[in-house]
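All figures in this text were calculated on a predicted structure; none of them were measured in a lab.
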Amino acid sequence: MADEAPVPPARRGPGDAAARVAGIITAAEETAERLEAEAEEQASSRVAEGQRAADNRIRAAEDEAREILAEARAESARLQEEARAQAERTRATAASEALAIVGRADQETTRQREEAETYAAETRDAADTRARELLTDARTVAGGVKAEGIELSGNLSELGTSLRSNAERLLRDIQQTHARLTASLDQVDGGERAKTGDGRRAPVDFDVPEFTTDRR
């Protein structure tokens with residue numbers, strides 16, 4: 001505020017000077033009061049503005065903090081859900097793999113058992129076939145041996161019959177020869193040779209060997 005122009009001195013009395021001083025003092029006081037009121041008003045306005053700004057910043061910070069907290073909670077819930085889903089998938093995969101392993105083990109066990117049963121059946125069939133073949137061969141050999149034995153027995157029987165016939169024929173020839181020789185001797189020594197005490201000639205005994213065959 002511009003200062004008032006100085007009043008040129010005038011010829012006035014003491015009352016006028018006192019009035020002027022009082023007026024100056026009053027104007028100064030009014031000016032001081034007005035300036036103080038303006039300063040207080042400006043200070044209050046600035047304080048209110050600062051308070052509003054601080055309140056706004058606090059509200060903004062609280063809003064941001066709430067947003068951050070909400071986002072953190074949402075992210076935490078999402079991560080937890082993903083973790084649960086991953087754990088569920090992992091558990092399902094492990095269970096599926098375990099079932100697959102058990103299934104493959106069962107299949108392998110079944111395959112090995114079937115192979116063992118097949119091998120045992122084939123071995124048993126082969127053993128039965130071999131046993132039948134051996135039995136057939138044994139029967140064939142036994143039949144052949146029996147046939148050969150029968151044939152040999154027949155041959156021996158025929159040989160014995162033939163030998164007996166030959167022996168009997170030979171014996172007859174010997175007896176006839178002996179009879180002729182005896183008759184010739186009787187003619188030579190007058191019938192005295194080979195007589196018994198009762199006047200009869202002693203018979204000549206020739207044993208005919210027996211030819212037998214053992215048929216079994």
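Note: Arg104 CZ to Asp106 CG = 11.0 Å, rounded to the nearest 0.5 Å. To the nearest 0.5 Å, the span separating CD on Glu36 from CD on Glu41 amounts to 13.0 Å. Note: Arg57 CZ to Glu64 CD = 13.5 Å, rounded to the nearest 0.5 Å. Between Glu30 atom CD and Leu35 atom CG the span is 11.5 Å, to the nearest 0.5 Å. Rounding to the nearest 0.5 Å gives a distance of 11.5 Å between CD1 of Ile24 and OG1 of Thr31. Put simply, CG on Leu170 and CD on Gln175 are 10.0 Å apart, with the number rounded to the nearest 0.5 Å.
In this structure, the side chain of Thr177 engages the main chain of Asp173 through a donor-acceptor pair within 3.5 Å. In this structure, the side chain of Thr118 engages the main chain of Glu114 through a donor-acceptor pair within 3.5 Å.
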(message) Show, in sequence, the C-alpha distance, side-chain angles and deciding distance for Arg164 and Glu168, and conclude whether the salt bridge (Lys or Arg N to Asp or Glu O under 4.0 Å) test is met.
(response) CA-CA 6 Å; Arg164 185 177 181 83; Glu168 291 176 351; 3.3 Å; yes
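When the options Arg113, Arg111, Gln112 are evaluated for a side chain to side chain contact (heavy atoms under 4.5 Å, CB included) with Thr109, the one that passes is Arg113. Of the options Thr129, Thr136, Asp128, a side chain to side chain donor-acceptor pair (under 3.5 Å) to Arg132 is made by Thr129 and by none of the others.
Glu75 pairs by the side chain to side chain contact (heavy atoms under 4.5 Å, CB included) definition with Arg78, Leu79, not counting sequence neighbours.
Using a 4.0 Å cut-off between a side-chain N of Lys or Arg and a carboxylate O of Asp or Glu, Glu49 and Arg52 do not qualify as a salt bridge.
Within 6.0 Å of the CZ atom in Arg46, the count of heavy atoms belonging to other residues, nucleotides or ligands does not exceed 12. Annotation for Glu82: atom CD counts as buried by contact number, over 12 foreign heavy atoms lying within 6.0 Å. By the neighbour-count criterion of 12 heavy atoms within 6.0 Å, atom CZ of Arg59 is densely surrounded, having more than that number from other residues, nucleotides or ligands.
For the residue pair Gln86 / Arg89, a side-chain donor-acceptor distance below 3.5 Å is found, with atom types taken as modelled.
When side chains are defined from C-beta on, Glu158 does not count as touching Ser162, because their heavy atoms never get closer than 4.5 Å. In this structure, Arg34 and Glu38 have side chains that are in contact, with non-hydrogen atoms separated by less than 4.5 Å.
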